[in-house]
Amino acid sequence: MNYEHRVEAFVSAQPDTEQPAEGTYSFAAMEARWPAIWDELKVFEPLDDGSRERRYVLDMFPYPSGDLHMGHAEAFAMGDVVARYLRQCGYDVLHPIGWDSFGLPAENAAIKRDAHPAEWTYTNIDTQAASFRRYAISADWSRRLHTSDPEYYRWTQWLFLRFYEKGLAYRRNSAVNWCPRDQTVLANEQVVNGACERCGTQVTKKNLNQWYFRITEYADRLLEDMDQLHGHWPERVLAMQRNWIGRSEGAHVKFDVEASGGRGARSVDVFTTRPDTLYGATFFVVAADADLAVDIVADEHHDDLMAYREQIKSLSEIERQSTEREKTGVFLGRYAVNPINGEKLPVWAADYVLAEYGTGAIMAVPAHDQRDLDFARAFNLPVRAVLDTGEPDPAESGVATAGEGTVINSGFLEGLSKTEAIAAASSRLEETGAGETTVNFRLRDWLLSRQRFWGTPIPIIHCGTCGEVPVPDNELPVRLPEGLRGEALSPKGTSPLAAAEDWVNVPCPKCGAPATRDTDTMDTFVDSSWYFLRFASPEFTKGPFDIDAVNRWLPVGQYVGGVEHAILHLLYSRFFTKVLQDLGMVDFNEPFRALLNQGQVLNGGRAMSKSLGNGVDLTEQLDKYGVDAVRLTMVFASPPEDDVDWADVSPSASAKFLARAWRLGQDVTSSTDVDRSTGDQALRAITHRTVADAAELLSNNKFNVVIAKVMELVNATRKAIDSGPGGADPAVREAVETVAIILSLFAPYTAEDLWAQLGREASVAAAGWPEVEEELLVEETITAIVQVQGKVRDRLQVPANIGEEELRALALDSEAVSRSLDGRGIRTVIVRAPKLVNIVPS
RNA sequence: GCCCGAAUGGCGGAAUUGGCAGACGCGCUGCACUCAAAAUGCAGUACCGAAAGGUGUGUGGGUUCAAGUCCCACUUCGGGCACCA
């Protein structure tokens, strides 16, 4: 009888005060018992001996800010399901864990409490590691790494030097994004809507000499290789990367800018995607903040230009880039000659043309480009339509026509379509040497240097005579200087490393003369661009990774992480992988074969945040409901990529279900060696159907549905015990063991405990995925649907192998059918044996 | 403006190739056990209707014997990019 298994309110179980009674589901007792056993059995360490096929499952490694939070709990629950499933399927699974442990928050915390960033960082890592263990992540702890360990950043530096040798790391002076609050430069990717991605402060521009990675050289490959990722990465991530790379095809066209004021004529290239509109160019614009503007301005307009440049500087990036703003600009007193027809176009400087994109100069075709049209209207410049699109004249309407049409007013292009004219104009430009087709990218080089302390030092020494000198490989790592802590780290706009004089001043490795170390550190995204490679051989001392080990394990089969890294981390890691491929260090070109973006955990429809005061504390949830219930809730709530609103879910219901599943074990009275084939066939069919469905669902990442299927199996088993064949039936043992194995992916403690209760040896994580007996999936009778005009009128129990004719006859015989036909004749009968008959009345 | 994605009960969400819409769970209602509560178990629960029956997957059209699923046009929401020539 069920009532014998009465349990206490486990939700209010007091783990510290009472031992749970025998036969009681107690998550606290399970959590105390199993981790040590898992450690001892080393269930989660890969064998790497070639006896099994290898799989690599990776969660984006965490940043050690405080303890784990709800977001970690969701992401790692998802990754763990994948890892545990593949392990059950017999693969040798690499599922490592580490920490992205360099970065600003550690530094800010250190300043605040007069400490060293390492203290804060490693304390937090220890806290998180303990929480991960409790959370029962099936990770191989022996491969743990931290990017702030000298043994790790030594190889980050080594890789930087290889990039440097290939010309892929270089230093240049230019206007860069500057965060006034963090007092450091930022990469383009770290500026969101003109604000610092990290702290939200308005970003300003500063001219600085900074280090860059030449990621633009890989733009085409970053774009093309996305072909391999289709269907395996979320479409929106691919779209975001495509947008970010921003490839556009067009032409460079050479315009001669006339001589004046004693200076000679010079030619200026423009980039255009619309060479078909060359005849429609009515003026010429250069970016006001580009040096080019100063170079070509006529003497009498020089002061105007300089005043305008000052005016632009005072604008924030947001204001500057707003499309709402009135167009501004100044005339430069010069004319550019249109190579296609010799026409002289006035040259202007304006801030709507960007110095960093294309050539920093454009030919303006106001009729067919809205921005040019806005400018033309603001300064009374002519508008000439050269493409008839059937829309109103832009000069009248104020709306530029950018669509398809027929070319007009355009000499040799007359009468062509837009596409034809682009081709014709391009080839004419190439023939006459006035231009060439080209491809432009929105992507900029990756600014990697940072004026902060807690990062990987850039291994370069600056010498008065030799210039930039790489630190020799055998002197790596260049360790962070000791002794800097607290106030000494506060941001001053230059790197805190500069203050460590003993560290900065070194002899030049080349000539021995006094020289200085580079005092910038690397963007932490450099550290995380190769950590997934290091996991293949974390102890390797002869290089960043053992090439053989990497080629054995990688690419990562399933990567799991938040969509917030759609561009930053994922683009950078793809770039690193391609460079390493070119260096002959890896034999693949994409690091992550499949990507799963888990959703966020919300509370009441909004992201949890301190400022909103709606955070949910993970540890409190774990203490209250248990690890398994929290994990199960995360996974069951919705498909993995959807958000979970903690206000809408019920961890106590998950706990209830787990207890219910666990109690099944107490009712199994058969021994471990019973002959399953003799068990109740109806229950066996459900069990095997569940295993087959679960496998299919798991391979499609439909984890939430898998849990629904286990719930059904648990319900069916309960029924079989209470009002069916009873607990002694071998089919009941089979069903409950199946429950334990499937549950081991989601609720490892409960599954392990249930498994032990069934008299099986630990660990259920290594039990192996149950084999499906195909014969049990074949149903003998099936419910056939009988429709009249597409509406269900009757259901018939028929043999699964029923013939079409037979089913048709049965359906026509149905009383419900004749009632529904109500005397009407029959036009057609569609029969899809054995499932469906549709009768169409005449 | 351009590019992605989504829309199904009170709620989270299910639904091979077009073939029983609403699996599973939450919530709610009732019942059993209990002095009572909790816990547990069982039953019911898309909407309208007393019922017969009808309606129903964001909106409007279409294809089909049959549409949540395919096609066309839209609406709303979410996300990304955006003075990128």
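Note on naming: letters A, B, ... go to the chains in the order of the sequence lines (proteins, then strands), and numbering restarts at 1 for each one.
- The residue among Glu696(A) and Glu356(A) whose nearest nucleotide of RNA chain B lies closer to the 5′ end is Glu696(A).
- Summarising the base pairing, G5(B) is matched to C77(B) through a Watson-Crick or G-U wobble pair whose two defining distances lie under 3.5 Å.
- Listed nucleotides C24(B), G53(B), A85(B) differ in distance to Ala708(A); the shortest reach to its side chain belongs to C24(B).
- Distances from the side chain of Arg663(A) to the nucleotides C24(B), U40(B), C81(B) place U40(B) closest.
- Closest to the side chain of Trp244(A), from the set A82(B), G12(B), C4(B), is A82(B).
- Phosphate proximity of A14(B) to Asn704(A): present, with a side-chain N or O under 4.0 Å from OP1 or OP2.
- Comment: Asp220(A) engages Arg247(A) in a salt bridge, judged by a side-chain N to carboxylate O separation of less than 4.0 angstrom.
- When the C1' atom is compared between C70(B) and U63(B), the two are found 8 Å apart, to the nearest whole Å.
- For the pair His252(A) and Thr359(A), the minimum side-chain heavy-atom distance is below 4.5 Å.
- Between the NZ atom of Lys835(A) and the C1' atom of A66(B) there is a distance of 14 Å, given to the nearest Å.
- Only the C1' atoms considered, U8(B) is 15 Å distant from U59(B), to the nearest whole Å.
- The aromatic rings of His569(A) and His565(A) sit perpendicular, their planes meeting at an angle over 60°, well past the 30° parallel limit.
- We find the OH-CD1 distance between Tyr572(A) and Ile215(A) to be 6.5 Å, quoted to the nearest 0.5 Å.
- Checking the phosphate oxygens (OP1, OP2) of C20(B), no side-chain nitrogen or oxygen of Arg793(A) falls inside 4.0 Å.
- Within 4.0 Å of Val353(A), counting heavy atoms only, lies at least one base atom of the nucleic acid.
- For A46(B), the paired nucleotide is U55(B), the pair qualifying as Watson-Crick or G-U wobble because both relevant distances are below 3.5 Å.
- Comparing C65(B) with G54(B), their P atoms are spaced 22 Å from each other, to the whole Å.
- Side-chain N/O atoms of Lys327(A) and base N/O atoms of C83(B) include a donor-acceptor pair closer than 3.5 Å.
- For the C1' atom pair drawn from A66(B) and C74(B), the interatomic distance equals 26 Å after rounding to whole Å.
- Two residues are said to be in side-chain contact when any heavy atoms from C-beta on lie closer than 4.5 Å; Lys719(A) and Asn715(A) fail this criterion.
- The nucleotide whose nearest atom lies closest to any side-chain atom of Tyr352(A) is, among C4(B), C83(B), U17(B), C83(B).
- Asp722(A) places its CG atom 15 Å from the C1' atom of A43(B), with the value rounded to the nearest Å.
- Contact of Asn243(A) with C81(B) (side chain to base): no donor-acceptor pair of N or O atoms is detected under 3.5 Å.
- Thr828(A) comes within 4.0 angstrom of nothing in the nucleic acid, heavy atoms only.
- Protein atom NE2 of His368(A) is 23 Å distant from nucleotide atom P of C83(B), rounded to whole Å.
- Within a 6.0 Å sphere centred on CZ of Arg236(A), heavy atoms belonging to other residues, nucleotides or ligands number 12 at most.
- Base orientation of G9(B): syn (glycosidic angle within 90° of 0).
- Checking C20(B), C65(B), G12(B) against every side-chain atom of Arg832(A), the shortest atom distance belongs to C65(B).
- Residues Leu238(A) and Pro234(A) have side chains not in contact (no heavy-atom distance under 4.5 Å, counting atoms from C-beta outward).
- Listed nucleotides G19(B), A85(B), G25(B) differ in distance to Gln787(A); the shortest reach to its side chain belongs to G19(B).
- Phosphate contact (OP1/OP2 of A15(B), side-chain N/O of Lys702(A), threshold under 4.0 Å): present.
- With C1' as the reference atom, C83(B) and G58(B) are 35 Å apart, rounded to whole Å.
- Look at Ser654(A) and you won't find any side-chain N or O under 4.0 angstrom from OP1 or OP2 of G25(B).
- Atom name P, nucleotides U75(B) and A85(B): the rounded distance is 26 Å, in whole Å.
- For G22(B) and G9(B), the P atoms lie 14 Å apart once the distance is rounded to whole Å.
- The partner of G60(B), taking Watson-Crick or G-U wobble pairs whose two distances both stay under 3.5 Å, is C72(B).
- In terms of phosphate contacts, Arg660(A) brings a side-chain nitrogen or oxygen within less than 4.0 Å of OP1 or OP2 of G41(B).
- OP1 or OP2 of C81(B) has not a single side-chain nitrogen or oxygen of Arg236(A) nearer than 4.0 Å.
- Between Trp348(A) and Phe284(A), the ring center distance fails the sub-6.0 Å criterion.
- Comparing A85(B), U40(B), C20(B) by their nearest atom to the side chain of Tyr357(A) picks out A85(B).
- A salt bridge is defined here as a Lys NZ or Arg NE, NH1 or NH2 lying under 4.0 Å from an Asp or Glu carboxylate O, and Arg718(A) with Asp667(A) meets this definition.
- Figure legend. A14(B) is base-paired to no nucleotide; pairs are counted as Watson-Crick or G-U wobble with both atom distances under 3.5 Å.
- A 3.5 Å limit on both hydrogen-bonding distances identifies no Watson-Crick or G-U partner for G22(B).
- Picking from A43(B), C26(B), C65(B) the nucleotide with the shortest atom distance to the side chain of Ala653(A) gives C26(B).
- Remark: Glu696(A) does not engage Lys709(A) in a salt bridge, criterion side-chain N to carboxylate O under 4.0 Å.
- With A82(B), A14(B), C65(B) as the candidates, the nucleotide lying closest to the side chain of Arg442(A) is A82(B).
- Across all strands shown, Asn715(A) has heavy atoms under 4.0 Å from sugar-phosphate atoms exclusively, and none from any base.
- Counting non-hydrogen atoms under 4.0 angstrom, Pro639(A) reaches the backbone sugars and phosphates but no base.
- Rounded to whole Å, atom P of G80(B) lies 15 Å from atom CG of Leu570(A).
- Between C31(B) and A36(B), the distance separating the two P atoms is 13 Å to the nearest Å.
- Counting non-hydrogen atoms under 4.0 angstrom, Phe375(A) reaches nothing in the nucleic acid.
- Residue contacts shown for Val649(A) are absent, as no nucleic acid heavy atom lies under 4.0 Å away.
- In this structure, of G19(B), G25(B), C20(B), it is C20(B) that holds the atom nearest to the side chain of Ile785(A).
- Using a 4.0 Å cut-off, some side-chain N or O of Lys791(A) falls inside it from OP1 or OP2 of U55(B).
- For the pair Ser638(A) and Ile830(A), both in contact range of RNA chain B, the more 5′-proximal nearest nucleotide belongs to Ser638(A).
- Base pairing of A36(B): no nucleotide in any strand meets the Watson-Crick or G-U wobble criterion (both distances under 3.5 Å).
- Put simply, CH2 on Trp646(A) is 15 Å from P on C26(B), counting in whole angstrom units.
- Atom pair Lys656(A):NZ and C24(B):P shows a separation of 17 Å (rounding to whole Å applied).
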